[in-house]
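It should be emphasised that the depicted structure is a prediction, and the values quoted were computed from it without experimental measurement. Throughout, protein chains are lettered first and strands after them, A, B, ... in sequence-line order, and every chain is numbered starting at 1.
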There are 2 protein chains.
Amino acid sequence: MIRDHNPVLAPQRREIIRSFVQKEGVVRVEDLRKSLKVSVATIRRDLETLEGMGKLRRVHGGAVAVEKNRLEEAVFDDKTNRAESEKSRIAKMAYRLIDRNDSIYLDGGSTTLRLARLLRERTDLTLVTNSLRAAAELAESGPRILLIGGELRRISQTMVGPLTSAVLGQVRVDKAFMGTMGFCLENGLTTTDPNESYVKALVAEQAGRVILLADSGKAGKVSFARVSGWDKVDALISDDNLPGRFAKTLRKRGLKVRLA
Amino acid sequence: MIRDHNPVLAPQRREIIRSFVQKEGVVRVEDLRKSLKVSVATIRRDLETLEGMGKLRRVHGGAVAVEKNRLEEAVFDDKTNRAESEKSRIAKMAYRLIDRNDSIYLDGGSTTLRLARLLRERTDLTLVTNSLRAAAELAESGPRILLIGGELRRISQTMVGPLTSAVLGQVRVDKAFMGTMGFCLENGLTTTDPNESYVKALVAEQAGRVILLADSGKAGKVSFARVSGWDKVDALISDDNLPGRFAKTLRKRGLKVRLA
DNA sequence: TCGTTTTTGATCGCTTTTGAAAGAATTGCA
DNA sequence: TGCAATTCTTTCAAAAGCGATCAAAAACGA
């Protein structure tokens with residue numbers, strides 16, 4: 001697993017610990033001491049530091065991974081992302097819905113980020129977003145960007161919280177492209193964090209059309225915070241693995257459903 | 001790995017270090033000393049320079065590669081080399097003014113960006129900023145971040161425009177660290193863009209203390225858009241090339257002037 | 001070539017990191 | 001519940017690393 005003869009830099013060592021905990025879920029102080037060949041005092045200090053950064057949680061005897069939804073983790077770990085090609089296809093299909101001079105909203109999430117990457121040449125558009133990553137992708141060139149202010153939620157790299165409404169209340173977009181952690185026929189859209197869902201709901205109010213981008217892996221998943229019911233959503237873009245009943249029922253409810 | 005018998009030119013040596021860090025992710029001062037056959041003092045200076053350029057990040061005992069997702073610093077890269085070390089020193093001196101649990105504001109600019117890089121471990125702080133770069137630097141870990149929303153001004157990578165006031169009106173910071181394009185005794189602070197100066201002026205109103213970070217090259221320069229007079233500014237941090245009359249006059253007007 | 005500027009290396013306090021030790025707290029087990 | 005074993009926190013001192021300073025060396029320009 002871990003091996004190193006010459007001393008390891010402290011931040012490097014902490015990174016080893018962090019990624020190990022993330023992967024394995026738990027780790028014991030004693031194991032780390034043996035692997036990293038430093039004293040338990042140092043290990044404890046590292047764990048304390050990492051806990052302070054919110055990277056893990058200390059427990060008696062070691063540390064455990066912080067409880068974050070596994071769905072959400074996948075968002076920013078592009079490598080381990082199975083739905084890679086589905087997401088790209090969904091993003092491309094969404095791109096075709098964008099008209100000239102549209103003002104559009106993108107929220108956080110890997111699918112919408114892929115859509116953002118397709119907008120580098122589109123200087124005709126106005127993009128409103130609460131996603132730091134989307135803004136960073138288009139920082140050099142692309143649409144006019146209005147970034148929603150607010151508190152940065154690190155795990156999703158989006159702006160959330162009460163301050164977001166200050167800006168959101170003042171803009172209106174033609175089309176809002178939204179991601180979600182899960183969706184199901186009964187509960188509509190759900191996501192892990194209430195702050196996040198609050199922003200999404202607010203945007204849905206301001207948007208001419210709300211277009212949900214969600215690969216089939218999200219179908220039937222229910223997360224903690226409810227975003228909205230299907231009545232606010234105008235279209236769903238998913239992939240062809242979406243169980244038939246979803247497409248059927250949603251179309252019956254008046255949504256446009258497209259499968260990439 | 002790295003070996004060389006005859007002396008290596010400084011830029012060449014730095015390039016070796018840079019590419020090594022990029023490839024390996026981390027490097028120790030001691031290893032570099034042995035490989036490059038120069039003193040640790042020289043290695044440290046190289047690392048300091050490279051850090052100033054944003055090519056790597058120094059840590060105790062060596063340096064590590066910068067995160068992938070940070071924004072490129074193309075705009076600042078080349079021409080400002082002369083002021084590199086001044087800016088770094090100014091940023092460090094500014095850092096010492098930050099107290100525990102402070103809420104601070106950083107605006108755009110290369111000096112404040114350097115200050116931002118020093119805040120990675122400071123989870124006690126609250127950072128308010130309109131700088132996309134500063135936010136991107138601290139996206140992984142660091143202070144609580146409140147990003148000012150608004151329109152992205154590409155050239156400076158900052159948020160400007162009417163929407164900024166929506167958020168700015170609702171926050172108050174203990175200390176605001178501001179950059180400027182130019183300052184002179186008659187006109188005070190000036191910058192190139194009125195949108196930019198509007199935000200700066202707004203922040204100056206909300207801040208407990210306004211601290212100007214400006215290398216001596218800015219002294220006497222006057223730009224298009226007036227930001228504010230000296231009455232709004234509480235302190236100036238510059239470098240020791242600042243002409244004496246600036247320090248003298250400003251101190252007489254009640255400012256704290258520090259030369260890094 | 002000479003004088004100036006830049007780079008380099010050595011030294012000295014100072015800070016950070018590390019490991020060990022002692023006492024307090026937690027856990028497992030009877 | 002009480003005891004033993006383990007783990008944790010606190011404290012302290014040693015070690016490693018650091019920034020600042022200064023003088024020597026090298027590079028540069030006239």
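Residue T42(B) places its side chain closer to dG9(C) than to any other of dT17(C), dG9(C), dT11(D). With dC18(D), dA10(C), dA20(C) as the candidates, the nucleotide lying closest to the side chain of S39(B) is dA10(C). Among the nucleotides dA10(C), dG19(D), dT9(D), the one closest to the side chain of R58(A) is dT9(D).
The side chain of R28(A) contributes an N or O atom lying less than 4.0 Å from OP1 or OP2 of dT7(D). Contact check, R13(B) against dT8(C): a side-chain N or O comes under 4.0 Å of OP1 or OP2.
Heavy-atom minimum distance, S216(B) versus L242(B): CB-N, 3.5 Å.
Comparing A10(A) and R14(B) along DNA chain C, the residue whose closest nucleotide (by nearest heavy atom) sits nearer the 5' end is R14(B). Nearest-nucleotide mapping onto DNA chain C: of I43(A) and H60(A), the residue sitting toward the 5' end is I43(A).
With rounding to whole Å, Y95(B) atom OH is found 13 Å from dT15(C) atom C1'. Separating the CZ atom of R45(B) from the C1' atom of dC22(D) is a distance of 11 Å, rounded to the nearest angstrom. Atoms CZ (R44(B)) and P (dT7(C)) sit 19 Å apart, rounded to a whole Å. Taking atom CG of D31(B) as the reference point, atom P of dA16(D) lies 15 Å away to the nearest angstrom. Rounded to whole Å, atom C1' of dT16(C) lies 13 Å from atom CG of L9(A). One can place CD of E48(B) at 15 Å from C1' of dG17(D), the figure rounded to the nearest angstrom. We find that CD of E30(B) is positioned 10 Å from P of dA16(D), with the value rounded to whole Å. Rounding to whole angstrom units, CG of residue D239(B) and P of dA20(D) are separated by 14 Å.
Between the side chain of S131(B) and the backbone N or O of T158(B) there is no donor-acceptor pair closer than 3.5 Å.
Using a 4.0 Å heavy-atom distance criterion, V29(A) is classed as a sugar-phosphate-only contact. If you check every strand for non-hydrogen atoms under 4.0 Å, V38(B) touches sugar and phosphate atoms only.
Side-chain atoms of K200(B) and T191(B) include no donor-acceptor pair closer than 3.5 Å. Judged purely by distance below 3.5 Å, without hydrogens or angles, the side chains of S88(B) and E48(B) never pair a donor atom with an acceptor atom.
In this model, no side-chain donor or acceptor of R89(B) finds a partner on the base of dG19(D) within 3.5 Å. No hydrogens or angles were tested; on distance alone, nothing pairs the side chain of R33(B) with the base of dG9(C) as donor and acceptor under 3.5 Å.
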Show the numbers, then the answer: is there a side chain to side chain contact (heavy atoms under 4.5 Å, CB included) between M159(A) and E151(A)? CA-CA 5 Å; M159(A) 262 55 76; E151(A) 180 164 358; over 6 Å; no
